[in-house]
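Encoded as structure tokens, the structure appears first; notes follow it.
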Amino acid sequence: MSASSAKVSRKENSNHDGADETSEKEQQEAIEQIDEVQNEIDRLNEQASEEILKVEQQYNKLRQPYFKKRSELIAKIPNFWVTTFVNHPQALLGEDDEEAFHYLSRVEVTEFEDIKSGYRIDFYFDENPYFENRALSKEFNVNETGDPVSKSTEIKWKAGKDLTKRTGQTPNKAGKKRQHEEPESFFAWFADHSDAGSDELGEVIKDDIWPNPLQYYLVPDMEDEEGDGDDDDDEEEGLEDIDEGEEEEGEDEEEDGDGEDGEVSFPPPS
């Protein structure tokens, strides 16, 4: 909205301190000047966004060798990715999904050179009893009109193994520490293109899991922690019992010692 068209409301009463009220003309001029300054601020913000995008593109290229090295190291750790996804607090996998994810060997996220245009997530699987695909991908970008769209690999399910058609999945092994309801199959996400502009799962993988998957792989098992705590309590109680026993023995020895010191010896009769 142009500042010249702005309407200024006038006070019917003068200021309490008795100062002269600023004229309507002066107020309008001030508003126009503020509008000009704001336009400069907006221009700088747009320029900053462009510069930030260039820097992000530059560093995105610099990260690639490290991502490659990290993938090589992750490949040495069995069940790294399934553990990472299971440990994520948003309960991304059901029990059936978890079984399928045991065959997941590698995950990659690729941001396009023009980062604003989109990204792709690739999942690489070993041969498994669920589907024929060795790689599943989902890609997010914008079409010719600038609207967000997505496309993905069609999953070739083996007979009777389509996890997206199964209902009532039971909570997985980590279910006790999750406060969310059991979600639909993770694999249903590949066929869901209803909201490409704000795909929550895609953004979680791209912005949360991919930058540092190790933090979720290393999340301790809460049941194990509770078990360890019980063991510690038992050990502490055992130590307390030992200490109390030693104290009682010490007191008995002191009493015996006092009795010996109190005895009076007499010389034998001549």
Side-chain angles (χ1 to χ4, degrees), residues 56 60 63 66-67 70-71 73-111 115 118-126 128 130-131 135-140 148 150 152-153 155 163-232:
E56 183 59 32
N60 192 39
R63 294 186 191 107
Y66 295 97
F67 286 147
R70 187 181 69 183
S71 293
L73 294 171
I74 287 175
K76 299 179 181 180
I77 304 175
N79 299 323
F80 179 90
W81 284 111
V82 64
T83 302
T84 298
F85 275 81
V86 165
N87 285 344
H88 195 276
Q90 291 193 24
L92 303 177
L93 304 180
E95 187 174 78
D96 292 336
D97 297 329
E98 181 181 341
E99 293 300 321
F101 261 60
H102 275 87
Y103 298 92
L104 179 63
S105 59
R106 182 158 54 100
V107 175
E108 288 185 359
V109 174
T110 303
E111 295 190 79
I115 295 175
Y119 60 96
R120 186 181 69 252
I121 304 175
D122 299 305
F123 300 82
Y124 296 91
F125 290 84
D126 296 330
N128 63 81
Y130 295 95
F131 42 81
L136 299 176
S137 303
K138 189 166 185 178
E139 181 177 309
F140 300 86
S150 64
S152 61
T153 305
I155 303 177
L163 300 181
T164 65
K165 294 182 179 179
R166 298 184 181 184
T167 57
Q169 294 192 52
T170 57
N172 60 24
K173 297 174 183 178
K176 290 186 178 180
K177 65 181 180 181
R178 293 179 177 171
Q179 299 178 355
H180 305 279
E181 294 182 0
E182 187 70 12
E184 66 177 343
S185 173
F186 176 92
F187 294 94
W189 169 70
F190 287 94
D192 182 5
H193 305 289
S194 59
D195 194 5
S198 57
D199 189 293
E200 182 179 356
L201 180 52
E203 291 173 358
V204 165
I205 297 171
K206 177 177 72 77
D207 298 329
D208 189 16
I209 294 178
W210 175 249
N212 184 9
L214 187 64
Q215 65 178 324
Y216 294 114
Y217 176 79
L218 295 177
V219 169
D221 190 315
M222 299 303 292
E223 292 181 359
D224 290 345
E225 279 195 345
E226 291 175 359
D228 293 341
D230 294 338
D231 293 340
D232 292 341

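As a basis for the values below, the full set of heavy atoms in this structure was taken, side chains included, without hydrogen atoms, waters or symmetry mates. Note that the numbering runs from 1 along the sequence shown for the chain. What you see is a predicted model, and the numbers here were worked out from it, not measured in a lab.
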- Task: Mind checking ring pair (Phe, Tyr, Trp, His ring centres under 6.0 Å) for Y124 and listing every partner two or more places apart, or none if nothing turns up?
- Result: none
- Item | is_close_aromatic(F186, F123), centroid dist under 6.0 Å | yes
- Give the C-alpha distance, both sets of side-chain angles, the deciding distance and a yes or no for side chain to side chain contact (heavy atoms under 4.5 Å, CB included) between V82 and E98. CA-CA 7 Å; V82 64; E98 181 181 341; 3.9 Å; yes
- ring pair (Phe, Tyr, Trp, His ring centres under 6.0 Å) with Y130: which residues, sequence neighbours excluded? none
- Item | Pairwise distance CG(D126) to CG(L104) - rounded to 0.5 angstrom | 8.5 Å
- Task: Show the numbers, then the answer: is there a side chain to side chain contact (heavy atoms under 4.5 Å, CB included) between H102 and F125?
- Result: CA-CA 9 Å; H102 275 87; F125 290 84; over 6 Å; no
- Determine the interplanar angle of the W189 and F140 rings, folded into 0 to 90°, and report it as parallel if under 30°, tilted if 30 to 60°, perpendicular if over 60°. tilted
- Taking the side chain as every heavy atom from C-beta outward, state whether I209 and L92 have any pair of such atoms under 4.5 Å apart. yes
- All ring pair (Phe, Tyr, Trp, His ring centres under 6.0 Å) counterparts of Y103, not counting sequence neighbours: none
- Task: Check R70 against P213 and note the closest heavy-atom contact, atom names and distance.
- Result: NH1-CD, 3.3 Å
- Minimum side-chain heavy-atom gap I155-F187 below 4.5 Å: yes
- Only one of D97, T164, D96 clears side chain to side chain donor-acceptor pair (under 3.5 Å) with S185; which? D97
- Query: From S71 OG over to F80 CZ, what is the distance, rounded to the nearest 0.5 angstrom?
  - Reply: 9.5 Å
- Can you list every pair that meets ring-ring contact (aromatic ring centres under 6.0 Å, His included) and has a residue in residues 191-215, with sequence neighbours left out? F67-W210
- Item | salt bridge (Lys or Arg N to Asp or Glu O under 4.0 Å) partners of residues 188-201, not counting sequence neighbours, each pair once | K138-D199
- Message: Can you tell me how far apart OH (Y217) and CD1 (I77) are? Round to the nearest 0.5 Å.
- Response: 5.0 Å
- Query: In a check of side-chain contact (heavy atoms from CB on, under 4.5 Å) between Q215 and each of D208, N87, T84, which one passes?
  - Reply: D208
- Partners of E108 by side chain to side chain donor-acceptor pair (under 3.5 Å), sequence neighbours excluded? R106
- Message: Could you check, using the six-membered ring where one of them is a Trp, whether Y216 and F85 have ring centers closer than 6.0 angstrom?
- Response: no
- Message: So that I can tick it off, tell me whether R63 and E111 are bridged by a salt bridge, with the cut-off set at under 4.0 angstrom between side-chain N and carboxylate O.
- Response: no
- Task: Check the pair T153 / F131 against side chain to side chain contact (heavy atoms under 4.5 Å, CB included), numbers first and verdict last.
- Result: CA-CA 12 Å; T153 305; F131 42 81; over 6 Å; no
- Chi angles and distances behind the side chain to side chain contact (heavy atoms under 4.5 Å, CB included) call for I205, V109: CA-CA 8 Å; I205 297 171; V109 174; 4.3 Å; yes
- Item | Residue pair L93 / V86, side-chain heavy-atom distance below 4.5 Å | yes
- Message: For the OG1 atom of T110 and the NZ atom of K206, what is their distance to the nearest 0.5 Å?
- Response: 12.0 Å
